Amino acid sequence: MDFIIEGTLNAVKALYNTDLKETEIGLQETRKEFEGDVTVVTFPLTRMSKKSPEQTGAEIGQYLVDNIEHVSNFNVIKGFLNLSLSDSYLNHLYKEKISQEGFGLFPSNGKKVMVEYSSPNTNKPLHLGHVRNNLLGYSVAEILSANGYDVIKANLVNDRGIHICKSMLAWKKFGAGETPQSTGLKGDHLVGKYYVIFDKEYKKQIDELKTAGQSEEEAKKNAPLIKEAQQMLQQWEAGNEEVINLWKTMNTWVYAGFEETYQKLGVEFKKYYYESDTYLLGKDIIEEGLEKGVFFKKEDNSVWIDLTAEGLDEKLVLRGDGTSVYITQDLGTAQLKYNDFGVDESLYVVGNEQDYHFKVLFLILNKLGKSWASGLYHLSYGMVDLPSGKMKSREGTVVDADDLIDEMVETAKSRTEELGKVEGFSDDEKKELYRMIGLGALKYFLLKVEPKKRLLFDPNESIDFQGHTGPFIQYTHARIRSIISKAGVENRDFTVDAFTATERELILALNKYPEALSAAAKEYSPAQIANYIYELAKLYNKFYHEEPILKLEDDQLKNFRISLSVTTGSVIKKGMKLLGIDVPERM
RNA sequence: GGACCUGUAGCUUAAUUGGAUAGAGCACCUGACUACGGAUCAGGAGGUUAGGGGUUCGACUCCCUUCAGGUCCA
């Protein structure tokens, strides 16, 4: 709608002899209770016109109708100038732009971006929180890619540390040689089981020590199990063969389990980083920072950075004994990523509990003068809570990812069977359909909410399949495909000289797709796509109910409406793909 | 002690980044050529946008403050 803005600028120039910038014109969709397609907000223009908002609107409106071919009519309500676009313009817009092959495709922008997401710990299976992370990361990566970025999906696996040793130790002590094969358990679940067992046994020991007179704090430190786990970590770091072998074996189990879950979720990675490879990185950066005077040493030899000028605290970056803290290795890993791929931007999809950490991390890299530091971004998202509060793996109060996926598919199945919609489907087709719908419901449910908002999930309240949901959109797509398969080939021979109100809305909604796509990328928000596609699907359903398509006698109009259906279906499909959701031909 | 995030209808949420009477979905109520697919559509009811102040022609949006929930820093 650039020509409206341009026309308005010209109008202000001609009428009030003032030059304005494009950004000073507020353009919005006309609310549906008023007549018109686009609206110019005229309040700010009264400064130039020195007239009432109504009068200003009327003058500009008249100018636009007189001077711009595509503007057919106008009306003014308070400070709002509502403009109607001509049918011939809409016909042209639809035919030459919206319905073309390349609509909504962005050319390469020559930029490279890394999206790091998932980043699991190898001591337990994935839960609902990880699911949100995975879906977000995957979707944002797809959205950036659709905007012309060259995207590298990366996964930084936390495969070492005390928590891993806890699972290992518990398995060694209480596992009796269990394996995924011997138990039939998925590898990550088997390992997670021993993580929970560790915690249970550890708590027992703590209680014993407490009854023997120790304080809570002492007991936690002195319990034999924790000491053994710490010892095991040291052995791991020293490269003890037995420990390393056990570590490798159990990690192999876990990775097989993760792979299965990733596949079910439909997420993937191009590059894996492992903390066992990167945990020693970053020390050279500490040296660099000391030389540059960005860091300073305290008496105990520990290294710090003073961020009080930035409103933060002093931050420890290396312990006195020379060992790393979290941020040490993150500094090193950031450098490694840049060295590996030379990316222009780098996203970290990590929960908001680490807001402070990333603020500090990026600040440090900036202070070190890293040219690429300005391209770093923490995509922070809210925690997923249960009605009972936070999920805790150790205490078993988690919604397991695999269980959740299975349940969703199962619900999709029973729901579909109830509706009696699968006549003529083969068993494979049914299976695929249930998977699509179940995952569609789950993914849409998680992605339609703005990332930074916290999410409350009630396992007792099933995710809807009606209304503002994935299946609603999938259904709309199937319905469109049904029309098209009955219509045969698309015939693009049409000229429409009078659109209905709903057709106009639908054309304008389709026209907004590229805008929605770039807004989603700019804000790293799949929710923008999700809500846009919903609006579109809703509009199509309205159109579908109001107007005949295949029954039409008028070939021109019929061809147009079929084409409109084709285009809407294709935008729905493209948009859902960006959310990682497949849409069926029939359902 | 300091810092950050969130708070919109019973529930889940949107609001083009400061614009019209705050828009949807679920649940509730009423209706839709016995169908180009009813997992749909049309309508009703439901709001002091957590509370209070301020800036503005105009505030869910910006500023100050209080409250509630969550998180982080040693």
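Bear in mind that the values here come from a model prediction, so they are computed numbers and not experimental data. Letters go in sequence order (proteins before strands), and every chain restarts at 1.
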Under 30°, 30 to 60°, or over 60°: which ring-plane class applies to A/Phe445 and A/Phe457, parallel, tilted or perpendicular? perpendicular

Whole-Å distance, A/Tyr356 OH to B/C73 C1', equals 5 Å

B/A20 pyrimidine/purine six-ring stacking with A/Phe80, under 5.5 Å and 30°: yes

Is the number of heavy atoms from other residues, nucleotides or ligands under 6.0 Å of A/Glu35 CD greater than 12? no

A/Arg454 vs B/G70: side-chain N/O to OP1/OP2 distance below 4.0 Å: no

Does A/Arg586 count as lying over the ring of A/Phe425, i.e. NZ or CZ under 6.0 Å from the six-ring centre, within 45 degrees of the axis? yes

Who is the Watson-Crick or G-U wobble partner of B/U71, with both distances under 3.5 Å? B/A3

If you only use heavy atoms from C-beta on, which nucleotide in B/C73, B/U13, B/A39 is closest to the side chain of A/Thr416? B/A39

Protein-nucleotides 25-33 of chain B N/O pairs under 3.5 Å:
| unit_1 | atom_1 | unit_2 | atom_2 | d |
| --- | --- | --- | --- | --- |
| B/G25 | O2' | A/His468 | N | 3.0 |

Identity of whatever pairs with B/A59 - Watson-Crick or G-U, under 3.5 angstrom: none

Can you see if the side chain of A/Tyr475 gets near the phosphate of B/G37 - specifically, an N or O under 4.0 Å from OP1 or OP2? no

Give a yes/no on whether any side-chain N or O of A/Lys486 is located under 4.0 angstrom from OP1 or OP2 of B/G37. yes

Would you call A/Asp37 and A/Arg504 a salt bridge, using N to O less than 4.0 angstrom? yes

Heavy atoms from C-beta onward define the side chain here; which of B/C41, B/A20, B/A24 lies closest to that of A/Gln28? B/A20

